[in-house]
Amino acid sequence: MRKLLPLIGAHAHGGGRSALTCRFRCGDACFQEVPNTSDNAYAGDVIAGVLSRRSALRAAAVVTVASAAGGSLVLGSAQEAQAHPGGKPGNGNGTGHGSAPKADGARGLRFAPVAPNTADQVTVPSGYGQNVVIRWGEPILRGAPAFDAENQTAAAQAKQFGYNNDFLSLLPLRGERDRQVLVANHEYTDEILMFRGYDAENPTREQVEVAWAAHGLSVVVVQEEHRTGKLTAVSRHHLNRRLHTTSAFELTGPAAGSALVRTSADPAGRTVLGTLNNCAGGTTPWGTTLHGEENFNQYFAHGSSATDKRYGIGAGATERKWERFDKRFDVAQEPNEPHRFGWVVELDPYDPESTPKKRTALGRFKHEAAQPRLTEDGRPVVYMGDDERFDYFYKFVSSKRMMKGDSRRARAHNLTLLDEGTLYVAKLTGDSPAAEIDGTGKLPNDGEFDGSGTWIPLATAGPGGAVSHVPGMTAEEVFVFTRLAGDKAGATKMDRPEDVEPSPRTGRVYVALTNNTNRGKGTNPGADEANPRNLNKHGQILELAEHWDDPASDGFAWRLFLVAGDPNDPATYFAGYPKEKVSPISCPDNVAFDPHGNLWISTDGNQLGSHDGLFGVAVHGDRRGELKQFLTVPRGAETCGPLIQDRRVLVAVQHPGEIDGASVEKPASVWPDGPGKIVRPAVVSVWRADGRDIGV
C-alpha cells in the first residue's frame, strides 16, 4: 500500500503543526527516537527506481506492471490532460446566499476553488452555505446539562459530545424521515485549551476525569433540512451514545484471553476499559463503523521493556499525568495494560446496548484508519497503515463471507467477520534505476514513480485457533506485537502511513503519506521511489492496484498519484495534469471518495503558509490529477473526517486555536462562536445554496 510516508514538519504558526499539537496529540512522536530499529531493507534499498510516465499518462498509454507471481496488472492510464478555464478562486464565507458560479471541472468538482488563506473561519466556495452541526460539550444524552466552560465535570462530559472530533460516518436511519446517524471519533484532549488556569504539571482529578470522558466515540442522530445540506444534532435520541475512557470494550479474536492482555483488573483478558486516540476509521458494508486506536502509547508512563520501546512508550511520566490517578496507566504497575490498546474497534451504532469490540485479528499498532472492501465472493478486506516513521502497511483478509440483509441472523454473523482471517504486511519493490532518484523529486526517465509489491502473511486466525507464519513468534505474539512480526518478516519500512481508502468504483486503493522532514537527514534513509524528496515537507498520495483487481491477491502494483506542494515547485506532480491549473496542497492526511468517484483529501500541517483544508481531485478521465481546494479551516485547526455525499460535505474541524502559546486565557482563535467564547472543536456541514448537488 503506501510507501514511505512523510512525517510532521517544523512547528509553525501560519502553516504546519504546532508544538502544542505535537504534545497533546501524539506525545511529541516526531521528536522522539524512531521506534523501528530493525535492519529491514528500506524502500529506498529494495526499490530499484521509478517508472515515470507523465507522457504516458497524457497519451493514454496503458502501464503494465509484472506481477510477482508472473502475471500482469494494468495499474491504469489517463487521457491527455486538458486545460480548464476555471473561475477565479473563491473565498466565500458560507452565508448561503446566491448560487454557485459556473465552474469547469470533473463532475462533482465544478466549483470555484477557494484560495489559500489564513482566515479564522471555515471558508467555502462562493454560492455554498455551511452550519455547525455539533460542538464539543453539546448535550446528546438524556440528563446532560448545557455546556459550561467554567464548570466542567466528568459526569456532564460523559453525556456531552466529546473533544477533538476526527473520523465521521453518516448511516441511514430507517423509519425517521430526513434523519441519519452520525458517528464521530474523539482523538485526544488539549487540556490547555479546555481549562482556565490549567497547570500541566499538576492537573486535578476532576480535569483528568473530564479528559477521560472527552475521549472516545459519539453516536448522534442528526436531522437534515430537506432543501439544503444543513444538519442539526438531535439531542437525547434513544440511539445517541457516548463511549469513553472508562466504558467497557470487549477483546475478540485470536489475542482475546491471552496472557499478554491480562491485567489485575481483568484476569480473563477480555474486557478493556476505554478506547484511546481514535483517529480515522471506516464504515463497513454491513452497517457498523471501525475506529483506529492510534497514538495510544503517549498515555502510558514508565515503560521499560523492549516491546514498550518498539511501541514508543516512554520511560518517564506522561504529559497528562493520568498515571497519578489510575494505576493502569503506569506500565510499572500494569505491564500488560498498553497491550489492550492499539486495535481497531468495531461499533454497532444501531444497538445502544451493544459492547464495542476490539478486533485483535487486525493486529496491534498505531492504526490511523481501517476501511474495508469486499472480494467477489463477499469476504471483507481491511487496509491499514501504522502511523509511525519507518513502520509498515498491512491488510487483513477475512475467511468468512458477509451475509446480505438486515435479519437478526445476518447481523449476528456479520459481527464475527473480522475475527477470522489472515493478517499481511507489505513489501515493496520498484522498476527504475536507483541513480535516477536523486532526492529532489525529479521524475525518472520513464516519467513516473511506481513499482510493485507483495503481501507477506503474518498469522491466520480460524475457528480452531490461530497459526503464526513468522518463525520464532507464536500467533498471539504476532497479533499483540504486530510491529515485531513485521520486523521479522522483512516488511518495507515506510514513513507514517496515514489514511487509506479503496475506491468504490475502481477498487484502486489510495494512501495519504503526510510528510517526512527527516528523510535523508543525518543517518536516516534518503529518497526512494515512493518518497522521491529528501527533507520532504509536503507529502504524497500513493495509488495501489491489487493483481487482477482481487483484494485478496498476494501482489499489487503502485505508483505516486500526487506529489504535494506548491505547483510552481518542479518537485511536485499531479498525475501528469498541468500544474498551473491546480490548487497548492501540503500534508495530505485523510482521504475519501464522493459519489462521482473523485478523491477528496484533507490536510494536516500545511507547510505552505496557509491554513489546512479539503481538496477534491479527479482520479480518472481526461482531468485525472485536476485538484481543487474546496474549503479551509480556522486558525490552528486540522481538517478531519471528510465525508462527501450528493448534497453535502461534512468535515470535523479539529483542534482550532491550537497554536503555540495559546490557552483559554489567550485564545488564538475565536471560532466557532466568536470573541469571548471558548474555542470548541466541531463538525461542519457544507452545501450548495441553490439546493443542487455538490460540484455539478
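Note that the structure is predicted; figures quoted are calculated from it, not measured.
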Margin query: Can you give me the closest heavy-atom contact between Leu141 and Asn240, atom names plus distance?
Written below: CD2-O, 3.3 Å

Next item on the list: Give a yes or no answer on whether the side chain of Arg389 reaches the backbone of Arg519 with a donor-acceptor pair at less than 3.5 Å.
Entry: no

Next item on the list: Assess the side chains of Trp136 and Gln157: does a donor N or O sit below 3.5 Å from an acceptor N or O?
Entry: yes

Item checked: Heavy-atom closest contact (Val132 atom, Pro672 atom, distance) -> CG2-CB, 4.2 Å

Next item on the list: Using the side chain to side chain donor-acceptor pair (under 3.5 Å) rule, take Glu206 and Thr153 through it: C-alpha gap first, then chi angles, then the decisive distance, then the call.
Entry: CA-CA 7 Å; Glu206 189 67 42; Thr153 67; 4.9 Å; no

Notebook entry, point to check: Are Tyr128 and Ile694 side-chain neighbours, meaning at least one heavy-atom pair lies under 4.5 Å?
Noted result: yes

Notebook entry, point to check: How about Thr514 and Arg496: does a side-chain donor come under 3.5 Å of a side-chain acceptor?
Noted result: no

Checklist line | Among Val181, Val183, Leu182, the one residue meeting side chain to side chain contact (heavy atoms under 4.5 Å, CB included) with Leu170 | finding: Leu182

Check: Got a donor-acceptor contact below 3.5 angstrom from the Ser586 side chain to the Asn606 backbone?
Finding: no

Next item on the list: Under the side chain to side chain donor-acceptor pair (under 3.5 Å) rule, what do Asn278 and His291 come out as? Steps first, then yes or no, please.
Entry: CA-CA 6 Å; Asn278 302 91; His291 309 266; 5.5 Å; no

Note to self: Between Thr275 and Val345, is the side chain to side chain contact (heavy atoms under 4.5 Å, CB included) condition met? List the steps.
What the structure shows: CA-CA 8 Å; Thr275 183; Val345 176; 3.7 Å; yes

Check: Got a sec, which pairs hit ring pair (Phe, Tyr, Trp, His ring centres under 6.0 Å) with one end in residues 218-246, sequence neighbours left out?
Finding: none

Check: Within the side chain of Gln152, is there an N or O that forms a donor-acceptor pair under 3.5 Å with the backbone of Met194?
Finding: yes

Next item on the list: For the pair Thr632 and His611, evaluate side chain to side chain donor-acceptor pair (under 3.5 Å) and give the outcome as yes or no after the intermediate values.
Entry: CA-CA 6 Å; Thr632 56; His611 287 179; 5.7 Å; no

Notebook entry, point to check: Who pairs with Glu150 by salt bridge (charged side-chain N to carboxylate O under 4.0 Å, His left out), at least two apart in sequence or on another chain?
Noted result: Arg196

Note to self: As a quick check of understanding, evaluate side chain to side chain contact (heavy atoms under 4.5 Å, CB included) for Thr517 and Asn536, giving each step before the final call.
What the structure shows: CA-CA 5 Å; Thr517 55; Asn536 176 15; over 6 Å; no

Notebook entry, point to check: Any Lys/Arg nitrogen of Asp386 or Lys366 sitting under 4.0 Å from an Asp/Glu carboxylate oxygen of the other?
Noted result: no

Next item on the list: With side chain to side chain donor-acceptor pair (under 3.5 Å) as the test, would you mind laying out the steps for Thr123 and Gln121 before giving the verdict?
Entry: CA-CA 6 Å; Thr123 303; Gln121 63 181 28; 3.1 Å; yes

Check: Closest heavy-atom contact between Ile140 and Val219?
Finding: CD1-O, 4.2 Å

Notebook entry, point to check: Ignoring hydrogens and geometry, is there a side-chain-to-backbone donor-acceptor pair from Arg320 to Ala211 under 3.5 Å?
Noted result: no

Check: Going by heavy atoms in the side chains, are Ile134 and Val220 under 4.5 Å from each other?
Finding: yes

Check: Does some side-chain heavy atom of Pro203 sit less than 4.5 Å from a side-chain heavy atom of Tyr198?
Finding: yes

Check: Quick one: does Asn165's side chain get under 4.5 Å of His186's, heavy atoms only?
Finding: yes

Next item on the list: Determine yes or no for a side-chain-to-main-chain donor-acceptor pair under 3.5 angstrom, with Asn277 supplying the side chain and Phe296 the backbone.
Entry: no

Checklist line | Pro125 to Ala112 - nearest heavy-atom pair and separation | finding: CB-O, 3.6 Å

Item checked: Side-chain heavy-atom pair Arg328, Tyr299 within 4.5 angstrom cut-off -> no

Margin query: Looking at Cys279, is its backbone amide N or carbonyl O close enough to the side chain of Asn185 to form a donor-acceptor pair, meaning the two atoms are under 3.5 Å apart?
Written below: yes

Next item on the list: Could you grab the distance from atom CZ of Phe630 to atom CZ of Phe111, nearest 0.5 Å is fine?
Entry: 6.0 Å

Checklist line | Aromatic plane relationship, Phe329 with Trp322 - under 30° parallel, 30 to 60° tilted, over 60° perpendicular | finding: perpendicular

Checklist line | Short N-O contact, Arg680 and Asp673, less than 4.0 angstrom | finding: yes

Check: Looking just at side-chain N and O atoms, do Thr283 and Ser169 make a donor-acceptor pair shorter than 3.5 Å?
Finding: yes

Note to self: Please find the pair of heavy atoms, one from Gln371 and one from Gly281, that lie closest to each other, and give the distance.
What the structure shows: OE1-O, 4.2 Å

Item checked: Donor-acceptor contact present, side-chain Arg647 to main-chain Asp693, <3.5 Å -> no

Notebook entry, point to check: Got a second to check how far Ile541's CD1 is from Leu513's CG, nearest 0.5 Å?
Noted result: 7.0 Å

Notebook entry, point to check: Looking at side-chain heavy atoms only, is the closest gap between Leu599 and Ile601 below 4.5 Å?
Noted result: yes

Checklist line | Spacing of Leu231 atom CG and Thr228 atom OG1 [to the nearest 0.5 Å] | finding: 8.0 Å

Notebook entry, point to check: Is a side-chain donor or acceptor of Asp594 paired with a backbone partner of Asn598 at a separation under 3.5 angstrom?
Noted result: yes

Notebook entry, point to check: Backbone N or O of Pro116 within a donor-acceptor pair of the Ser610 side chain at under 3.5 Å?
Noted result: no

Item checked: Criterion side chain to side chain contact (heavy atoms under 4.5 Å, CB included) on Val133 and Val684, from CA distance to verdict -> CA-CA 5 Å; Val133 180; Val684 172; 5.9 Å; no

Margin query: Taking the ring of Tyr163 and the ring of His655, is the distance between their centroids below 6.0 Å?
Written below: no

Note to self: Quick one, Trp212 and Phe325 - any side-chain contact, counting heavy atoms below 4.5 Å?
What the structure shows: yes

Next item on the list: For the residue pair Phe161 and Arg135, establish whether any side-chain heavy-atom pair is separated by less than 4.5 Å.
Entry: no

Margin query: Working to the nearest 0.5 angstrom, can you tell me the gap between Thr639 OG1 and Asp612 CG?
Written below: 5.0 Å

Item checked: Asp199 CG to Ile192 CD1 distance, which is reported to the nearest 0.5 Å -> 10.0 Å

Notebook entry, point to check: Where is the tightest heavy-atom contact between Ser602 and Pro642, given as atom of each residue plus distance?
Noted result: OG-CD, 3.8 Å

Notebook entry, point to check: For Val686, does its backbone N or O pair with a side-chain atom of Gln130 as donor and acceptor, under 3.5 Å?
Noted result: no

Margin query: If the threshold is 4.0 Å, N to carboxylate O, is there a salt bridge linking Glu224 and Arg648?
Written below: yes

Check: Just checking, any donor-acceptor pair under 3.5 angstrom between side chains of Glu191 and Thr189?
Finding: yes

Notebook entry, point to check: Ring centroid separation for Tyr311 and Phe365, is it under 6.0 angstrom?
Noted result: no

Checklist line | Side-chain donor-acceptor pair present, Ser669, Asp120, cut-off under 3.5 Å | finding: yes

Margin query: For Phe341, does the six-membered ring have the charged nitrogen or CZ of Lys358 within the cation-pi criterion, i.e. under 6.0 angstrom from the centroid and within 45° of the normal?
Written below: yes

Item checked: Glu501 side, atom CD; Phe593 side, atom CZ - distance, nearest 0.5 Å -> 6.5 Å

Check: Without hydrogens or angle criteria, can the side chains of Glu187 and Gln654 be said to hold a donor-acceptor pair below 3.5 Å?
Finding: yes

Check: Between Lys327 and Glu323, is the closest basic N to carboxylate O distance under 4.0 Å?
Finding: no

